[in-house]
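See structure below.
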Amino acid sequence: MGRRKKIVEKCERLMDKPEQIRNIAIAAHIDHGKTTLTDNLLAGAGMISQEGAGHQRAMDTEEDEQERGITIDAANVSMTHEYEDTDYLINLIDTPGHVDFGGDVTRAMRAVDGALVVVDAVEGTMPQTETVLRQALREGVKPTLFINKVDRLINELQEGPEEMQERLQTVIREVNELVRGMDEEKYEEGWKVSVEDGTVAFGSALYNWAVSLPSMQETGINFGDIIELNREGEEGIAELRERSPLSNVVLDMVAEHFPNPLNAQPERVPTVWRGDDETQLAEDMRLVNKDGEVVFMVTDIGMDPHAGEIATGRLFSGTLEKGQELYVSGTAGKNRIQNVGIFMGGEREDVERVPAGNIASVTGLKDAIAGSTVSSVEMTPFESIEHISEPVITKS
Ligand code: GDP
């Protein structure tokens with residue numbers, strides 16, 4: 001069996017096991033390394049080639065984005081990861097890093113259960129870090145922290161182990177102050193990020209290594225080793241990468257510390273959806289009932305040269321299948337699903353069906369726009385959108 005076919009089968013098996021699914025977003029100030037990190041996670045998980053990582057910019061699908069070097073439109077990627085002898089399906093929804101795209105960030109946050117907050121070790125938290133963190137918390141999304149560009153502390157700023165630890169502690173403190181300021185209750189409940197809990201990792205997305213407290217305990221690598229290996233130049237960095245690859249460390253943290261849909265949806269549904277919580281529909285959404293009515297929240301519309309418009313989003317309840325006729329919020333009549341798919345790396349793969357708890361991509365929803373609620377019964381939508389002949393969005 002070909003490698004790709006094997007990955008598709010693995011993803012399809014995992015799709016039916018919500019305990020092993022993590023739906024996450026990476027939230028960062030622009031230039032703090034979200035794209036480089038994503039590429040390396042995908043490469044480490046075997047979804048794109050190692051050589052391509054850092055250059056491929058898998059998340060930047062629009063030509064315009066490539067040219068401008070900023071991520072505008074949310075793109076989506078999925079990967080599998082083995083942690084403690086269990087396979088996980090990790091669905092990553094991209095959030096725009098640019099200040100002007102606040103609405104899109106909120107929408108992406110509604111579709112995920114965990115936010116990996118990336119902060120540049122040299123710059124520390126920045127205004128956009130605060131904005132995306134606020135959006136995550138407001139939507140009930142739990143944060144963990146990755147402190148990036150640690151190589152710069154060593155190579156450019158020539159910091160020793162104490163200075164380096166102090167600087168990392170400063171970033172952690174800044175993030176925790178933001179979390180505490182935004183939601184004291186959640187902060188006390190365990191949303192505070194900490195090295196000891198394993199909810200903080202740090203490293204270099206550019207050079208593809210990372211560490212966390214659990215990883216340091218496992219590999220025996222300490223601060224002194226990190227500095228020494230970085231100063232040795234290419235060979236030392238290659239050793240560090242080999243012993244403590246970024247994707248392992250970060251995806252272990254994702255698997256361990258972010259909730260799966262079964263744990264997340266009972267809490268998140270009342271936060272992201274304003275409908276009647278006493279209905280069967282609400283119950284189906286809370287329980288991730290794949291046999292319930294279809295409730296699909298569209299986060300993004302993409303263009304595929306062959307398949308046409310593709311609606312991607314979070315399936316809160318029910319099972320999506322080809323041929324279903326579904327309501328699209330704010331429009332009259334129904335749309336018929338042509339194909340359903342999931343992401344593998346940055347590419348879409350058609351599958352027979354997608355059950356609740358997953359990020360799905362669907363063709364045939366011609367009336368859907370980013371933000372639409374697509375469902376098998378008429379329902380209160382996730383957000384009100386006014387359809388004016390062309391997809392101009394006004395949010396209420
Ligand atoms: P984004 O805007 O958050 O997606 O950031 P990018 O991933 O595009 O990274 C912005 C710049 O920082 C690029 O020039 C990257 O090569 C660089 N960069 C990313 N991660 C690291 C890192 O770990 N160390 C160093 N030194 N540079 C990095």
Main-chain N/O of R110 paired to E139 side chain as donor or acceptor, under 3.5 Å
no
Looking only at atom types and distance, does a side-chain atom of S317 sit under 3.5 Å from a main-chain N or O of E293, one as donor and one as acceptor?
yes
Is the closest side-chain donor-acceptor distance between Q324 and R353 under 3.5 Å?
no
Reported CG-to-CD1 distance for the pair L315 and I342, which is rounded to 0.5 angstrom
12.5 Å
Using atom types as modelled and distance alone, determine if a side-chain donor or acceptor of E163 lies under 3.5 Å from a backbone N or O of G160.
yes
Quick one about N91 and S78 (side-chain donor to acceptor, distance below 3.5 Å, no hydrogens or angles considered), yes or no?
yes
Testing L320, V374, T363, V294 one by one against I337 for a side chain to side chain contact (heavy atoms under 4.5 Å, CB included), which residue passes?
L320
Is a donor on one side and an acceptor on the other found under 3.5 Å between the side chain of T373 and the backbone of F382?
yes
Distance-only side-chain donor-acceptor flag, S204 / D151, under 3.5 Å:
yes
Main chain of L37, side chain of N40: is a donor-acceptor contact present, judged purely on distance under 3.5 Å?
no
Under 3.5 Å, is there a donor-acceptor pair between the side chain of R22 and the main chain of L251?
no
Can you tell me how far the CD1 atom of I93 sits from the CE atom of M109, to the nearest 0.5 Å?
10.0 Å
If I take atom CG from residue N263 and atom CZ from residue R268, how far apart are they, to the nearest 0.5 angstrom?
13.0 Å
Any donor-acceptor N/O pair, K142 side chain to H257 backbone, under 3.5 Å
yes
Anything under 30° is parallel, anything over 60° is perpendicular, the rest tilted; go ahead and classify H81 against Y83.
parallel
